Every structure is written in structure tokens, then in C-alpha cells.
Q: 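Dumping the structure here so I can ask a few things about it.
Letters A, B, ... are given to chains in the order of the sequence lines, protein chains preceding strands, and every chain is numbered from 1. Fair warning: this is a prediction, and the values are worked out from it, not measured in the lab.
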Protein chains: 2
Amino acid sequence: MGVPLYQRKSEFFRTLGHPARIRILELLSERDHAVHELLAVLPIEASNLSQQLAVLRRAALVVSDRRDGQVVYSVSVPEVRHLLTTARAILSGLVADEDDDDQDLVAASN
Amino acid sequence: MGVPLYQRKSEFFRTLGHPARIRILELLSERDHAVHELLAVLPIEASNLSQQLAVLRRAALVVSDRRDGQVVYSVSVPEVRHLLTTARAILSGLVADEDDDDQDLVAASN
DNA sequence: AGCGGAGTTGCAAACATCTTCAAGTGATGT
DNA sequence: ACATCACTTGAAGATGTTTGCAACTCCGCT
């Protein structure tokens, strides 16, 4: 047994703890995106975006795939979507639990 | 509309992004605990514990209640438990989704 | 009034994360 | 070969978080 689970959990939540990374995950859980597509939507610099994508990659939440001269990212852990909707439910105060999960996540998130 | 939702989400996840806070939430989701009980279990200083509890209080994830000469904390957002079990599922790789939720969280978490 | 247990707060040093700039890689078009 | 688009990497300053110490409050007890 290496790193205790509660510590791995805290690291995991920390990787979700950044506005750009949240938006990236929201966009990617809608559909795969090339980096320049994300860049067109997010108000950050290219190098910053790359850094944030690297954080998500290291945490194995997304994978990148070079196809056709561009780098396409996709979520590799679909359950993240669930985490994001639960977070929204909690923040919306009323916490009506359980899965109205299939609605348009991005539209509902801004 | 004040702070955008994706930013509130990231702040929310950041408050979960600390090993002591994770353990506190796990312990409290088992049952209410007085501060000195938490202190007996966690390997941190009293002042540090107080700071972490303050972080959780500010995020409204826990509430404190002075009863009988001691301060007792309890979780105010039961759905946090769900988040913690989902995180464990994701980290355990196999991501067998959906709720084996009612088992002993603390025993399963160390 | 004075003491000890239970918690909290303020603060500064140590530590981590974020952002930007500059430089670099790789593939594609001319 | 050169330019350009699409991205990534490294490094450094700015900013934020964590930790421990000391000082403090708020009881209840004697």
C-alpha cells in the first residue's frame, strides 16, 4: 500500500479544483474537442490551456489523440460527468438528489 | 448573476482537495463528532484542525453546534458522501458505477 | 478569583499552484 | 527549404494554501 486512499482522493478533487479544468471537462463530456476548439471557447492563453490539459492528462481523466494534424482530447472517465452534476445539485442548494443526469450539461452549467 | 457556476464548482472541489478535510468528512458522515474526538483520530495539531473545520464551515458542508461544553460538528450536505464514494470508485479503477453506498465508508476508505 | 480543558484566531514561514513569456516540436502547405 | 498553424514545455514571478506557534476566548470546576 503506497499513498493512502484519502490522500489520493484529495489529489483527485484538487485536479477538479480549477475553473478552466471544470469547463474543459464539461465541454469534453459533451463531445471530443481538438485543442484549438477549446481555445476558441475558453478565455485563456494557448500555453495555459496546454498546462491545464496536462494536469487532466496526468490525473488520467482525459486522453489525447493526434489525428489529422490536430490533437483531440476526450474524457476517459465518464463518471466525472456524474461528479459535475452532483456538484451542481449541491451548489444549487436544493440538492434534489439523483440523476437528472442526461440533460445538456454545458447549457445547464454556465 | 454573480460568480459563474463553473467557478463555484471549482471552489467547491478545492474545499474537498485536502487529505485532512476528506478524512473529517468521512468521519462526520459516519456520525457527529466533537472536535477533540476528531483530534484523537487525526494526526494534526488542534489549530490546524480548527482551520480545516473553518474551511468546511465556510463552504457550508458542515455545521458546528456547541453542546455540553464541547463543539460538535455534523455534515450539512449528505450528498457529499455520494461524492466520496464516487471518487473512491473512480480511483479504484474499476469504476463499477452506482451505489454500493450504504457500506461502512470509513472502513472502506483507509 | 484562579485553573485547566476545549476550541478558535492571527500571523509568518514553508510550500504549492497559476499564469505568462519565450522557446521548441511536428505536421502541412508552397 | 521556409513559413505557418497547432500544440507543448520550461521557467519564473505572482498568488494562494498549509502549518505551527503563540495568544486568546469560553466554559465549568474548586
Q: Below 30° counts as parallel, above 60° as perpendicular, anything between as tilted: where do the rings of B:Phe13 and A:Phe13 land?
A: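 The arrangement is parallel - the two ring planes meet at less than 30°.
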Q: Measuring from the side chain of B:Val35 (C-beta onward, heavy atoms only), which nucleotide among C:dT17, C:dT8, D:dT8 has the closest atom?
A: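 The nucleotide sitting nearest to the side chain is C:dT8.
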Q: Kindly write out the residues that satisfy side-chain hydrogen bond (donor to acceptor under 3.5 Å, both in side chains) with B:Arg67, not counting sequence neighbours, or none if the list is empty.
A: B:Asp32, B:Asp65
Q: Considering non-hydrogen atoms only, spot the tightest contact between B:Thr15 and B:Val55 and give its length.
A: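 Smallest heavy-atom distance, with atoms named: CB-CG1, 4.3 Å.
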Q: With a 4.0 Å cut-off on heavy atoms, is A:Arg21 in touch with a base, just the backbone sugar-phosphate, or nothing at all?
A: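 Sugar-phosphate contact only - A:Arg21 comes under 4.0 Å of backbone atoms but never of a base.
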Q: Rounded to the nearest Å, what distance is computed from the CZ atom of residue B:Arg14 to the C1' atom of nucleotide C:dA16?
A: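 It works out to 12 Å between those atoms.
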Q: Using a cut-off of less than 4.0 Å, is there contact between a side-chain N or O of A:Tyr73 and OP1 or OP2 of D:dT8?
A: yes
Q: Below 3.5 Å, can you tabulate the donor-acceptor pairs from side chains in residues 68-76 of chain A to any protein atom, sequence neighbours excluded?
A:
from: A:Tyr73; atom 1: OH; to: A:Arg57; atom 2: NE; distance (Å): 3.2
from: A:Tyr73; atom 1: OH; to: A:Arg57; atom 2: NH2; distance (Å): 3.4
from: A:Ser76; atom 1: OG; to: A:Ala60; atom 2: O; distance (Å): 2.8
from: A:Ser76; atom 1: OG; to: A:Leu61; atom 2: O; distance (Å): 3.1
from: A:Ser76; atom 1: OG; to: A:Val62; atom 2: N; distance (Å): 3.4

Q: Can you tell which of A:Leu25, A:Leu56, A:Leu28 makes a side-chain contact (heavy atoms from CB on, under 4.5 Å) with A:Val80?
A: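 Exactly one pass, corresponding to A:Leu25.
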Q: Roughly, in whole Å, what's the span from CG in A:Leu38 to P in D:dT8?
A: 10 Å
Q: Quick one: which protein N/O atoms are closer than 3.5 Å to N/O atoms of nucleotides 1-3 of chain C? Pair and distance per line, please.
A:
none

Q: Would you mind reading off the distance between B:Leu49 atom CG and C:dT8 atom P, rounded to a whole angstrom?
A: 7 Å
Q: Under the side-chain contact (heavy atoms from CB on, under 4.5 Å) rule, collect the residues that match up with A:Leu39, sequence neighbours excluded.
A: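 Checked A:Leu39 against side-chain contact (heavy atoms from CB on, under 4.5 Å); matches are A:Ala46, A:Leu49.
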Q: side-chain hydrogen bond (donor to acceptor under 3.5 Å, both in side chains) with A:Arg21: which residues, sequence neighbours excluded?
A: A:Gln52
Q: For B:Gly17 and A:Ser64, take the nucleotide of DNA chain D holding the closest heavy atom to each; which residue's nucleotide lies nearer the 5' end?
A: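 The residue closer to the strand's 5' end, by nearest nucleotide, is A:Ser64.
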Q: Report yes if at least one side-chain N or O of B:His18 is closer than 4.0 Å to OP1 or OP2 of D:dT19; otherwise report no.
A: yes
Q: Salt bridge check, A:Lys9 against B:Glu26: does any charged N sit closer than 4.0 Å to a carboxylate O?
A: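 Salt bridge between B:Glu26 and A:Lys9, a charged N being under 4.0 Å from a carboxylate O: yes.
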Q: Taking CD from B:Glu45 and P from C:dA6, how many angstroms apart are they, rounded to a whole number?
A: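 The distance from CD of B:Glu45 to P of C:dA6 comes to 16 Å, rounded to the nearest Å.
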Q: Set out, line by line, the N/O atom pairs under 3.5 Å between protein and nucleotides 9-15 of chain D.
A:
from: D:dG10; atom 1: O6; to: A:Gln51; atom 2: NE2; distance (Å): 3.3
from: D:dA11; atom 1: N6; to: A:Gln51; atom 2: NE2; distance (Å): 3.3

Q: Send over the distance from B:Leu42 CG to D:dG20 P, rounded to a whole Å.
A: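 About 13 Å, once rounded to whole Å.
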Q: Just the rounded figure in Å: distance from P of C:dT17 to CD of A:Glu11.
A: 9 Å
Q: Apply side-chain contact (heavy atoms from CB on, under 4.5 Å) to B:Gln51 and list each qualifying residue two or more places apart in sequence or on a separate chain.
A: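 B:Gln51: no side-chain contact (heavy atoms from CB on, under 4.5 Å) contacts found.
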Q: Return the NE2 to CG distance between A:His33 and A:Leu27, rounded to the nearest 0.5 Å.
A: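 Nearest 0.5 Å value for the NE2-CG distance: 5.0 Å.
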Q: Can you give me the N/O atom pairs linking the protein to nucleotides 27-30 of chain D at distances under 3.5 Å, or say none if there are none?
A:
none

Q: Would you kindly give the CD1-to-C1' distance between A:Ile44 and C:dC18, to the nearest whole Å?
A: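 The distance from CD1 of A:Ile44 to C1' of C:dC18 comes to 11 Å, rounded to the nearest Å.
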Q: How many whole angstroms separate atom CG of A:Leu39 from atom C1' of D:dC5?
A: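 Taking atom C1' of D:dC5 as the reference, CG of A:Leu39 is at 12 Å.
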Q: Name the closest nucleotide to the B:His36 side chain, picking from D:dC7, C:dA6, D:dT17.
A: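 Ranking D:dC7, C:dA6, D:dT17 by closest atom to the B:His36 side chain puts C:dA6 first.
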Q: What residues, two or more places apart in sequence or in another chain, satisfy side-chain contact (heavy atoms from CB on, under 4.5 Å) together with A:Arg8?
A: A:Val3, A:Leu5, B:Leu91
Q: Can you pull the salt bridge (Lys or Arg N to Asp or Glu O under 4.0 Å) pairs that have at least one residue in residues 36-53 of chain A, sequence neighbours excluded?
A: A:Arg31-A:Glu37
Q: Side-chain N or O of B:Gln52 less than 4.0 angstrom from OP1 or OP2 on D:dT19?
A: yes
